[in-house]
Amino acid sequence: MQYWLMKSEPETFGIDHLKAAPNSTYCWDGVRNYQARNYMRDTMQVGDQVFFYHSNCKTPGIVGIAKIVSHSYPDHTAFDPESKYYDPKSSPDKPRWFMRDLKLIKKLPNIISISALRANPSLKNMMVLRPGNRLSITPVTAQEWRAILAMFSKK
DNA sequence: GCCAACGTTGGC
DNA sequence: GCCAACGTTGGC
C-alpha cells in the first residue's frame, strides 16, 4: 500500500466533481508530465490511497481522500483534437499518456490548507511543500499520511 | 496579476 | 548533447 497526493484545480475538476461522478469514480486524465505519468503508469497499485488536493485557487489544500481503483490505461483525451489535453504525438497504437480511475472515499469536513500543512513540523520534508514544486502527483510517506490524518481526525 | 521555479522545445 | 528561450504551474 502506497500513498499519494494528487493535485487538481477545483475549477477544472474538484472534489465535488469526483463526488458527483457515477459511483464517485472518475478517470484522472490530463496528466502531461513524464514523472507524474510514470508514477501513475508504473508505480501506483490498485488500492493505493490518495489525498485529493486543490491547487491554483483561493485556498489550496487537501480536501479529501480517494483511492486508486484501476490499473493504468491510455489517456484517450490525448487522441481527441477537441480536447485541451490533445497531444498529436500520442496515438492509440503508441499511447504516450496514461491514467487511472480514482474513487472518492471521503470528502473532509474542512480543508487542510497548505498553510496548515506547512505549520506541521512533521511534514517539513513533504514533497508538495517544497519550494518550486510543480509535480501534480507526488508520493506521500506513511508517516506523512498518518500525520495528516491526525490533523483532521482531531477536529 | 506577479513572478519564481521548473519542464520542454528546438536550433546549433 | 548543450542550453537559451519559452510556456506552464501555482503560491502569494
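Chain letters run A, B, ... following the sequence lines, proteins first and then strands; every chain starts at 1. What you are looking at is a predicted structure, and each value in this text was computed from that prediction instead of being measured. Values below: every heavy atom of this structure, side chains too, minus hydrogens, waters and symmetry copies.
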Strictly under 3.5 Å: I want the nitrogen or oxygen pairs between protein and nucleotides 8-12 of chain C, one per line.
unit_1  : atom_1 : unit_2  : atom_2 : d
dT8(C)  : O2     : R134(A) : NH2    : 3.3
dG10(C) : OP1    : K7(A)   : NZ     : 2.8
dG10(C) : OP1    : R134(A) : O      : 3.0
dG11(C) : OP1    : Y53(A)  : OH     : 2.8
dG11(C) : OP2    : N56(A)  : N      : 3.0

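- A side-chain N or O of Y34(A) and one of R96(A) form a donor-acceptor pair less than 3.5 Å apart.
- Looking only at distances, no side-chain donor or acceptor of N38(A) sits under 3.5 Å from a matching main-chain atom of T43(A).
- In this structure a side-chain-to-backbone donor-acceptor pair under 3.5 Å is present from S8(A) to F13(A).
- Taking the six-membered ring for Trp and the full ring otherwise, the centers of Y73(A) and W97(A) sit at least 6.0 Å from each other.
- K89(A) comes within 4.0 angstrom of the backbone, heavy atoms only, and of no base.
- Taking CG of L102(A) as the reference point, atom CD1 of I68(A) lies at 4.5 Å (rounded to 0.5 Å).
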